[in-house]
2 protein chains.
Amino acid sequence: MAVTLADVAARAGVSSATVSRVLNGNYPVAGSTRERVQRAVEELDYVVNGQARALAAATSDLVGVLVNDVADPFFGLIASALQSEIGAGGSGPAGGKLAVVCNTGGSPEAELTYLTLLERQRAAGVVLTGGAVEDEAHTAAVTARLARLAASGTAVVLCGRPPLTFPDESPGVTTVAFDNRGGARRLTEHLLSLGHRKIGCVTGPLERSTTRHRLEGHRAALAAYGLGPRTAAGADGTAGGDASRLTVHGGYDRASGYDAALELLRREPDVTAIVAANDTVALGVCAALRDRGLNIPGDISVAGFDDLPFSVDASPALTTVRIPLQEAGARAGRLVMGRQSSPPGGVATIATELMVRASTAPPKTRS
Amino acid sequence: MAVTLADVAARAGVSSATVSRVLNGNYPVAGSTRERVQRAVEELDYVVNGQARALAAATSDLVGVLVNDVADPFFGLIASALQSEIGAGGSGPAGGKLAVVCNTGGSPEAELTYLTLLERQRAAGVVLTGGAVEDEAHTAAVTARLARLAASGTAVVLCGRPPLTFPDESPGVTTVAFDNRGGARRLTEHLLSLGHRKIGCVTGPLERSTTRHRLEGHRAALAAYGLGPRTAAGADGTAGGDASRLTVHGGYDRASGYDAALELLRREPDVTAIVAANDTVALGVCAALRDRGLNIPGDISVAGFDDLPFSVDASPALTTVRIPLQEAGARAGRLVMGRQSSPPGGVATIATELMVRASTAPPKTRS
DNA sequence: CTGTTAGCGCGTTCAC
DNA sequence: GTGAACGCGCTAACAG
């Protein structure tokens, strides 16, 4: 059915090896022969069989990119930048890879399933993006899988998730981490410096590393202002202190933000500011507050995280913490392609930046 | 380096053929033998080589998904639904495929390049999403490529782009089209029925099919109200009539909407409503109007298209035209997997729905 | 410079 | 039920 190398060879009156050499260009071939071969390729509309090539040469054109949610611009931006980085570079050995975007939906099982599928395909590289699920068994499973992949020559890059510790010496897994903790801390400090003292916190899923880091930053800022958990029980975040009473866990979607805001108002009507898990959640929070007839930031301040493109368009424009997602994605792409050397220690931390906009203001003074 | 079938066979004390049979389960194997093999697989952490399997069995686990912009939720939503549809179904012959999301950036060259790459990989299926570039040469090139892919057994599905006409009899390319024209028409009719007569139109890139269809719907509504182009020259949309003076072409991004809105106000300060190319553009339009001190919808109404998740959160909530993107993506996924039969004529048109929200209202009466 | 010869790892006949 | 042998389409050593 399909045209093969042998067909082209026959048409051009040469051996299949010669055709292969012309195609790959890594070997001297006479000009006239080359032209004849190229003409035959054109005439027959020949397209190399990537699988056969991969099998024979033990290489792959595939780079797997695991994301928690393709529909979320957070991942879209990373994937987009990453993909244009690895897809460029023409057809050379270090370019023209195909990005296989795998949507895990945040499910640990899906994550492992995809890693298996990618291992099957002998992928040239694998990039894991976004917060990790912090379950001990799962982390161990992922670590083992990645170690094996790395050992078999697959480039492994973590982007937006904390570095993993491997039992053996570093198997060459590099990490592009986000400074979630620092960003969250600066954000809460901003609110504190405006005069807020009752600051609600709507976080993401409990088990995600991103959630934990942002929450830690938030609490560190509070602690620095002497607003730590008031009771011992509060230290674990389950009961007791202000910090836990003012914290609501939810998902990374808008609906979670909406519900969480209502819950916060119920728990503590005097809350004067709310920091959200991310910008999407912040929009949900804003919607809930508006529905309650509250003015932002007049009655209550709201802040997001990530600085997704739509944040500047919200009204009021959202105060948030900017993560340079495209830069991070591009860097991850370069790392997985081996076009950039691994940072010292294998971990590059991407700085975050506080973006103060219109959704935060000093708290209303009691009348 | 990597463990192969033969290794497993040796460990289990059987032939590699038997291991293959156990793995694929399509053949009778004695229970005891099967267990022994499975144990060997576990112990050796064996993972099949997808490329070798693909080469031998002439099948592929890859489904290509071409999108214009991964970072745009429009495509993210389609890709997400599509991917969960093809990735599910376990490891059977009709399941467990990997979605290769290819970001063309709207570039015709990139589109063709990716089609070549996918053809190389002998992809099981290819889905082209989003508006097509309406250039004659490019359309011909894509048509030829798709015909060849389809002929060689690759399932080809068009999602959100108009059906293609093939020279030969239908090569089994199915299309999931959006009723952009009808949606745009109903949207403009909504504005007309509110009393608007000077309706600005911010469209997408001129050469995109989506742009043309939405513009056609818009103009059809105007024409039905006797508001067609006033001069003959206006008929081609380049000069003369109101329709063209009130139309500004741009991109599908927020900045385009911002600029276009300012341009519209300059051309026609009396404009009372603006329909945008999509929701993202509409947000840009809103931002520009706000910066000009105009109230929405008090001074001017704004409408979007697509009904992306954030539209309901904009303030005011955006009147828009809903396209059930996830359903469309899921359907495209089922079609490309052969899990759903092709609609009659090979074309399924997805209905769109007008969502009237707070950003549109009757025009201000002159005082 | 070019042709010949081996595999790459697996699925699949065909015999046993 | 199982093993041996062949071939998928291509690249990479060898020769020449």
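Atom set for the values below is all heavy atoms of this structure, side chains included, hydrogens, waters and symmetry mates excluded. Numbered from 1 within each chain, the chains take letters A, B, ... in sequence-line order.
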I'd like to check the side-chain contact (heavy atoms from CB on, under 4.5 Å) partners of [X]; sequence neighbours left out, ordered by chain and number.
X: A:T174; answer: A:V157, A:L335, A:S342
X: B:D45; answer: A:R148
X: B:A56; answer: none
X: A:A155; answer: A:V336

Check your understanding: Any side-chain N or O of A:T33 less than 4.0 Å from the OP1 or OP2 oxygen of C:dC1?
Key ->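 For C:dC1, OP1/OP2 do not have a side-chain N/O of A:T33 under 4.0 Å.
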Side chain to side chain donor-acceptor pair (under 3.5 Å) against [X], all qualifying residues, sequence neighbours excluded:
X: B:Q326; answer: none
X: A:N68; answer: A:T104
X: A:T175; answer: none

Pairs of donor and acceptor atoms involving the side chains of residues 121-139 of chain A, under 3.5 Å and at least two apart or interchain, shall be tabulated with distances.
from, atom 1, to, atom 2, distance (Å)
A:R122, NH1, A:E119, O, 2.8
A:R122, NH1, B:V48, O, 3.4
A:R122, NH2, B:V47, O, 3.2
A:T129, OG1, A:L66, O, 2.7
A:E134, OE1, A:R212, NE, 2.7
A:E134, OE2, A:R212, NE, 3.3
A:E134, OE2, A:R212, NH2, 2.7
A:D135, OD2, A:A137, N, 3.3
A:D135, OD2, A:H138, N, 3.0
A:H138, NE2, A:E111, OE2, 3.4
A:T139, OG1, A:D135, O, 2.8

Check your understanding: What are the bounds, 5' to 3', of the part of DNA chain D that sits under 4.0 Å from heavy atoms of chain A?
Key ->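 Here the contact window of chain A covers D:dG9 to D:dA13.
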Revision key, fill the gap. Per-nt protein contacts along nucleotides 6-16 of chain C (heavy atom under 4.0 Å; B base, S backbone sugar-phosphate only, - none) come out as -BBBBSBB---
**Study point:** Five-pair end axes of the helix from C:dC1-D:dG16 to C:dC16-D:dG1, angle between them (10°)
**Key:**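 Terminal axis comparison yields 40°.
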Review point. Should B:V67 and B:I78 count as side-chain neighbours, where that means a heavy-atom distance under 4.5 Å?
Key: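 Side chain of B:V67 against side chain of B:I78, heavy atoms only: no contact under 4.5 Å found.
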Could you list the donor-acceptor pairs under 3.5 angstrom formed by side chains in residues 36-43 of chain A, with sequence neighbours left out?
from, atom 1, to, atom 2, distance (Å)
A:R36, NH1, A:A12, O, 2.7
A:E43, OE1, A:R11, NH1, 3.4
A:E43, OE1, A:R11, NH2, 2.9

